[in-house]
Amino acid sequence: MNNQPQNPESDDAICLALGRVVKEMLKEGNPTEMKEHLWEIYSGFTYFDHDCGYNARRADIFLTFRELMFFVQRVEHTMEGAQA
């Protein structure tokens, strides 16, 4: 277990770095487009996966997809709130 105190400056630096990554990602498309692309990717995966048979990682892949969708939705809502 990590018992070291959190460094707020370090946390701020991480948040700023992640913010820059998200900003760069959004140059490629808006959150609505990203959600559509994620659905297309996941739908293609499930179609292919169904034809290939059993996949022990199917549930893990779905959970990753779900978390990505939630993340993009949070980005979308944050951007909408910032524009209001």
Novice: Any chain of hydrophobic side-chain contacts (each under 4.5 Å) joining Phe45 to Leu63?
Specialist: yes
Novice: Applying salt bridge (charged side-chain N to carboxylate O under 4.0 Å, His left out) as the test, list every pair that has at least one member in residues 75-84; sequence neighbours left out.
Specialist: Lys35-Glu76
Novice: Rounded to the nearest 0.5 Å, what separates atom CG in Asp11 from atom CG in Leu16?
Specialist: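 Answer for the CG-CG pair, Asp11 versus Leu16, is 11.0 Å.
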Novice: Hey, what's the ring geometry for Tyr42 with Phe65, parallel, tilted or perpendicular (30° and 60° as the breaks)?
Specialist: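 If you compare the ring of Tyr42 with that of Phe65, the planes turn out parallel.
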Novice: Quick check: closest heavy atoms across Pro31 and Val75, and the distance to 0.1 Å?
Specialist: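 Answer, listing the atom of Pro31 first, then Val75: CG-CG1, 4.1 Å.
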Novice: For Lys27, which residues count as a salt bridge (Lys or Arg N to Asp or Glu O under 4.0 Å) partner, sequence neighbours excluded?
Specialist: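 In terms of salt bridge (Lys or Arg N to Asp or Glu O under 4.0 Å), with neighbours along the sequence ignored, Lys27 is linked to Glu24.
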Novice: Roughly how far, to the nearest 0.5 Å, is the CG atom of Leu38 from the CE atom of Met34?
Specialist: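 It is 8.5 Å, given to the nearest 0.5 Å.
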Novice: Taking Met25's backbone N and O only, do any of them form a donor-acceptor pair with Glu28's side chain (distance below 3.5 Å, no angle check)?
Specialist: no
Novice: Should Val72 and Ile41 be counted in the same cluster of Ile, Leu, Val, Met, Phe, Trp and Tyr side chains packed under 4.5 Å apart?
Specialist: no
Novice: Excluding sequence neighbours, so at least two apart, what forms side chain to side chain contact (heavy atoms under 4.5 Å, CB included) with Glu36?
Specialist: Thr32
Novice: Show me the pairs that pass side-chain hydrogen bond (donor to acceptor under 3.5 Å, both in side chains) and involve residues 57-68, at least two apart or across chains.
Specialist: Asp49-Arg58
Novice: Would you indicate whether the side-chain heavy atoms of Lys23 and Leu26 approach each other to under 4.5 Å?
Specialist: no
Novice: State yes or no: do Met79 and Phe70 share one hydrophobic cluster built from I, L, V, M, F, W and Y residues joined by side-chain heavy-atom distances below 4.5 Å, directly or via other members?
Specialist: no
Novice: What is the distance from atom OG1 of Thr46 to atom CG of Asp51, rounded to the nearest 0.5 Å?
Specialist: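 Nearest 0.5 Å value for the OG1-CG distance: 10.0 Å.
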Novice: Test of understanding: with ring-ring contact (aromatic ring centres under 6.0 Å, His included), list the residues that count as partners of Phe71, not counting sequence neighbours.
Specialist: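 If we apply the ring-ring contact (aromatic ring centres under 6.0 Å, His included) test to Phe71, skipping adjacent residues, there are no hits.
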Novice: May I ask you to list the residues sharing a hydrophobic cluster with Tyr54, side-chain cutoff 4.5 Å, ordered by chain and number?
Specialist: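 Reading the cluster by chain and number, Tyr54 sits alone, since nothing else belongs.
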